[in-house]
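Remember, it's 1-based here, ligands and their atoms both numbered in the order they're listed.
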Amino acid sequence: MSSNSNTRFTIQPGGTLNGRVRVPGDKSISHRSIMLGSIAEGVTQVSGFLEGADSLATLRAFRDMAVDIEGPENGCVTIHGVGMHGLQKPKHALELGNSGTSMRLLTGLLAAQSFDTELCGDDSLSSRPMRRVTQPLSEMGGRISTEADGTAPLKISGGQKLTALDYEMPMASAQVKSCLMLAGLYAEGETRISEPGITRDHTERMLQGFGYDVRVAANRVSLNGGGKLVATTIDVPSDISSAAFFLVGGSIASNSELTLMHVGMNPTRVGVVKILQLMGADISILHEKIVGGEPVADLVVRSAKLRGITIPQELVPLAIDEFPALFVAAACAEGETVLTGAEELRVKESDRIQVMADGLQAIGVAAIPTEDGMIIKQSSIKGGCVLSHGDHRISMAFAMAALRSENEIVIEDCANVATSFPNFTTLCAELGLNIQVTSDEN
Ligand code: S3P
């Protein structure tokens, strides 16, 4: 994954997707299992851990802070928790690669430690907004410096005494909410956070699983600082954000039937299923159960004739990572699909509104980017070359577009697929996609 080599996907047009797969573990839950397991008392066993570059960056960061972590081996990780005050100063800056979740959540946790730390990342991560966490943390008494434009590297000064905050988040962001909850564990008093839209609640659920008292009411969470976490067992479900590519692929390809096993169906994450169902997708939800505090199900998706819709606002934060895939579904849906209220897409691993619009246009799709969303008209996909801008979800979304393309689709800069879905191309090939991976130095 060196920055001067290019990994290219070349996908032959057409084909069907058939079979049963279990996509890798949930990225958000994997990050949190390492973070909370590390500051818990006792030994936490994790299974289903995502062995992707992002969650491994979090794992490495905690090893660098003297936490003894065994694995991952076949998704199993054993974390020897050091307790709330047991982390130690790392010898060097913590390198977090492409991972926004690592950086934003760690900033909250590290603002409360006794030692100084520095957090840095790759070019994409170093251009993403960090004031959304450093500003409220400074109101709690944290001391963090950013670059002049509010980006990483972040220099966090330890030894600050934090006080609780009552904070109304200006944007719907689980990373900001979770960052402040982690700082709140160490703050004096009750930290209260309210969000303008419902975002993923894995931190709340997992803290409760570690025995911490977290109060949740409508769009507000609160907790008191000064408690402790008790080690537990975590079974990480498959990532619905990774399953999403196959939900779209299985819907748009002809004669397809796919079973996606053990997919996390947390109500704060199921926007993609709801949006696809509104578009006419044929998705059955089977064997629903609760595993370690998180809902899980098997999903069966079959080919369907999709229709364009106006995406309901309340579903936007519940599908925030799935829009690259949903835009490809929209290109195959009768009529017009309209997305608004999704300006957050502009500050993801890439500007997902612009990069998706450019890529869709490059393969012949009528896509009009707007400030906070996109208008997509049903189009016949011609094929061609797409630039992913190193964004994993853009690469994987366009791989699915080939199922309905007239000619091959070539996608440049795909190495970062390994951040969230390391075996993506292998699974695609097993299910029937004719995908080739090549690398060259550039
Ligand atoms: C995540 C939250 C979301 C999401 C990201 C993972 C998390 O980001 O896009 O991939 O694990 O908390 P925001 O909180 O910025 O919306």
Checking heavy atoms under 4.0 Å, the part of K177 that sits near ligand 1 is neither
Any N/O pair I320/ligand 1 closer than 3.5 Å:
no
Within the 4.0 Å heavy-atom cut-off, what H31 brings close to ligand 1 is neither
Keeping S126 on the side-chain end and G121 on the backbone end, is there a donor-acceptor pair under 3.5 Å? yes
min-distance protein heavy atom vs atom 1 (C) of ligand 1 -> Q175 NE2, 3.6 Å
_Between the side chains of D116 and K155, is the shortest nitrogen-to-carboxylate-oxygen separation below 4.0 Å, so that they form an ion pair?_
no
Nearest non-hydrogen protein atom to atom 6 (C) of ligand 1, with distance, is T101 OG1, 3.4 Å
the protein heavy atom lying closest to atom 11 (O) of ligand 1 turns out to be S28 OG, 2.7 Å
Is there a nitrogen or oxygen of R200 sitting under 3.5 Å from a nitrogen or oxygen of ligand 1?
no
Side chain or backbone, does E349 bring an N or O within less than 3.5 Å of an N or O on ligand 1? no
Checking heavy atoms under 4.0 Å, the part of K348 that sits near ligand 1 is side chain
message = Between Q45 and T78, is the side-chain hydrogen bond (donor to acceptor under 3.5 Å, both in side chains) condition met? List the steps.
response = CA-CA 5 Å; Q45 303 281 1; T78 304; 2.9 Å; yes
Would you say R32 has any N or O atom under 3.5 Å from an N or O of ligand 1, going by distance alone? yes
In this structure, atom 9 (O) of ligand 1 is nearest to the protein heavy atom D321 OD1, 2.5 Å
| field | Donor-acceptor contact below 3.5 Å, side chain Q361 vs main chain A367 | value | yes
Any heavy-atom pair between the side chains of R32 and L105 that's under 4.5 Å?
yes
If we number the atoms of ligand 1 from 1 as shown, the ones under 4.0 Å from a heavy atom of S173 are 13 (P), 14 (O), 15 (O), 16 (O)
Under a 4.5 Å cut-off applied to non-hydrogen side-chain atoms, are N266 and R200 in contact?
no
Worksheet item: Any chance the rings of F424 and H392 have centres within less than 6.0 Å?
Response: no
Between F323 and I353, is any pair of side-chain heavy atoms under 4.5 Å apart?
no
